[in-house]
Amino acid sequence: MSRCWSVARGSHGRWLTGEAMRHHWLLLGACGWVLLILMFVSKFIGFRAVDDYGGRVGGQSWTVQGTKVVRPILFSKPVQTVPKPSDQPSAVPTVTDWQLVVESRLELLSNVCKNSSFTNTTHAAISKFVLDRIFVCDKHKILFCQTPKVGNTQWKKVLIVLNGAFPTVEEIPENLVHDHEKNGLPRLSSLAPQEITHRLNTYFKFFIVRDPFERLISAFKDKFVKNPRFEPWYKHDIAPAIIRKYRKIHRNGELAASGLHFEDFVRYLGDAEGRQRMDRQFGEHVIHWLTYAELCAPCEIHYSAVGHHETLEQDAAHILKATGIDGTVSYPAIPPGITRYNRTKVEQYFAGISRRDIRRLYARYQGDFQLFGYPSPDFLLD
């Protein structure tokens with residue numbers, strides 16, 4: 001730096017002129033540029049030092065502009081969590097892990113049953129109708145309550161094998177499973193009152209649930225669209241009756257041709273008084289869309305386990321183990337992804353249906369959402 005200043009002045013302090021003056025000013029400018037470059041380099045090094053600290057790899061923390069500091073992931077003992085009904089566990093849980101899930105579900109069920117604000121949608125008497133839904137396996141002391149559209153066919157096959165009619169579930173003809181006169185599955189209603197009470201108090205009791213609205217979609221498709229079991233009364237008797245009462249514009253001659261729309265189905269299910277009158281005409285065919293409370297009386301019967309369709313693979317393994325039959329029979333193979341909750345499908349089916357009709361439907365099935373921990377479908381209600 002002193003060199004730069006020394007060439008700018010003469011030895012006796014005289015100002016330089018002419019050609020020498022021009023050269024010296026050029027040298028002075030070069031020195032200035034050197035200073036600027038040094039300052040820039042020092043700043044750059046300082047910025048890199050901060051960035052390297054904030055973004056240290058493999059170390060303790062990192063930051064992203066506009067967000068909070070993300071703390072390090074500590075590889076210690078994992079925290080056990082209870083999956084929501086719609087979750088799909090990525091790893092196979094231990095027996096102890098899933099026992100905690102089962103216990104948490106039963107605790108929720110008990111708490112909601114005690115909540116008086118939900119009494120109208122959660123409680124049902126242990127009537128003959130409910131006892132008709134419960135199948136008995138005396139050999140292994142099991143009671144299974146049938147809740148249609150949640151994989152009940154497969155559980156019936158398991159019970160048929162346990163009763164000794166077939167060696168494996170794969171060998172059971174499909175048409176036999178639902179033929180209650182030939183499948184060899186006794187119903188709890190067929191027993192004497194004291195025998196019923198004894199089994200309710202001592203046997204392992206379970207049933208399966210799924211998201212209530214997705215279950216309704218499954219019932220609608222199975223009975224009014226595909227009807228794979230060739231049950232003509234759904235199309236020729238129930239559908240026309242619903243259309244006449246709940247479709248806003250219709251012509252009698254087009255009832256059979258147009259078929260039941262999901263919107264008609266939703267209006268029928270959400271009409272409390274009108275639906276009850278029609279259900280008396282339809283008889284037991286309505287079991288496919290009755291609430292879980294109406295089917296199995298979960299607030300009156302103390303069930304040992306409640307499985308969820310969304311976690312059926314884990315629940316099936318737990319139930320087989322808990323009942324001691326895991327070495328005797330296997331639950332039929334579950335195709336990948338078939339039990340996963342499909343919000344997109346739900347949104348598509350409810351698209352175009354008025355908020356008023358959806359809210360009425362939710363009021364009918366609110367107890368099922370609350371009892372089994374399913375989140376309310378706010379994306380449809382708001």
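By convention here, the first residue in the shown sequence is residue 1.
Classification of Glu171 and Lys157 as a salt-bridged pair fails, no side-chain N sitting under 4.0 Å from a carboxylate O. Using a cutoff of 4.0 Å between basic side-chain nitrogens and carboxylate oxygens, Lys128 and Asp132 are scored as salt-bridged.
Atoms CZ and CD1, on Phe204 and Ile325 in that order, are 9.0 Å from each other to the nearest 0.5 Å. If you take CG on Leu188 and OH on Tyr203, they are separated by 9.5 Å, rounding to the nearest 0.5 Å. Separating the CG atom in Leu295 from the OG1 atom in Thr147 is a distance of 7.0 Å, to the nearest 0.5 Å. The structure places CD1 of Ile358 at 7.0 Å from CG of Leu381, a figure rounded to the nearest 0.5 Å. Between the OH atom of Tyr246 and the CE atom of Met278 there is a distance of 5.5 Å, given to the nearest 0.5 Å. The OH atom of Tyr365 sits 12.5 Å away from the CG atom of Asp211 when rounded to the nearest 0.5 Å.
Looking at Tyr268, its side chain never comes within 3.5 Å of a backbone N or O of Ala239 through a donor-acceptor pair. Put simply, the side chain of Arg199 never gets that close to the backbone of Asp138: no donor and acceptor are under 3.5 Å apart. His180 places no side-chain N or O within 3.5 Å of a backbone atom of Leu185 that could act as its donor or acceptor partner. Between the side chain of Ser110 and the backbone N or O of Leu106, no donor-acceptor pair lies under 3.5 Å. Between the side chain of Glu300 and the main chain of Ala124, a donor-acceptor pair closer than 3.5 Å is present. At distances below 3.5 Å, not a single donor-acceptor pair connects side-chain atoms of Asp357 with backbone N or O atoms of Ser354. A donor-acceptor contact shorter than 3.5 Å is absent between the side chain of Arg215 and the backbone of Val150. For the pair Arg275 (side chain) and Gly270 (backbone), a donor-acceptor distance under 3.5 Å is absent. Side-chain N or O atoms of Asp222 include none that pairs as donor or acceptor with a backbone N or O of Ser218 at under 3.5 Å. A distance-only check finds a donor-acceptor pair linking the side chain of Arg355 to the backbone of Leu380 [under 3.5 Å].
Not less than 6.0 angstrom separates the ring centroid of His288 from the ring centroid of Phe282. Taking the six-membered ring for Trp and the full ring otherwise, the centers of Phe262 and Phe224 sit at least 6.0 Å from each other.
Looking only at side-chain heavy atoms (C-beta outward), Asn163 and Pro186 come within less than 4.5 Å of each other. Residues Tyr331 and Ile319 fail the side-chain proximity criterion, which asks for heavy atoms closer than 4.5 Å. Side-chain contact check for Ile134 versus Ile301: some heavy-atom pair is nearer than 4.5 Å. Glu263 is listed as a side-chain neighbour of Arg267, based on a closest heavy-atom distance under 4.5 Å. The shortest side-chain heavy-atom distance between Phe213 and Asp368 does not fall under the 4.5 Å cut-off. For the pair Arg105/Asp315, a side-chain contact is recorded, criterion being any heavy-atom separation below 4.5 Å from C-beta on.
For Lys345, the NZ atom is densely surrounded, since the number of other residues' heavy atoms within 6.0 Å is greater than 12. Open room surrounds CD on Glu313; 12 or fewer heavy atoms of other groups in view lie less than 6.0 Å from it.
For the pair Arg133 and Phe129, the distance from NZ or CZ to the six-membered ring centre is under 6.0 Å and the angle to the ring normal is within 45 degrees.
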Verdict with supporting geometry, Phe379 and Phe350, ring pair (Phe, Tyr, Trp, His ring centres under 6.0 Å) = CA-CA 10 Å; Phe379 61 96; Phe350 281 92; 8.5 Å; no
request  = Go through the steps for Tyr374 and His308 under the test ring pair (Phe, Tyr, Trp, His ring centres under 6.0 Å), then give the verdict.
outcome  = CA-CA 10 Å; Tyr374 287 99; His308 285 238; 5.2 Å; yes
request  = Please step through ring pair (Phe, Tyr, Trp, His ring centres under 6.0 Å) for the pair Phe144 and Phe206, ending with a clear verdict.
outcome  = CA-CA 5 Å; Phe144 167 62; Phe206 77 99; 5.0 Å; yes
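When only modelled atom types and interatomic distance are considered, Tyr362 and Asp378 share no side-chain donor-acceptor pair under 3.5 Å.
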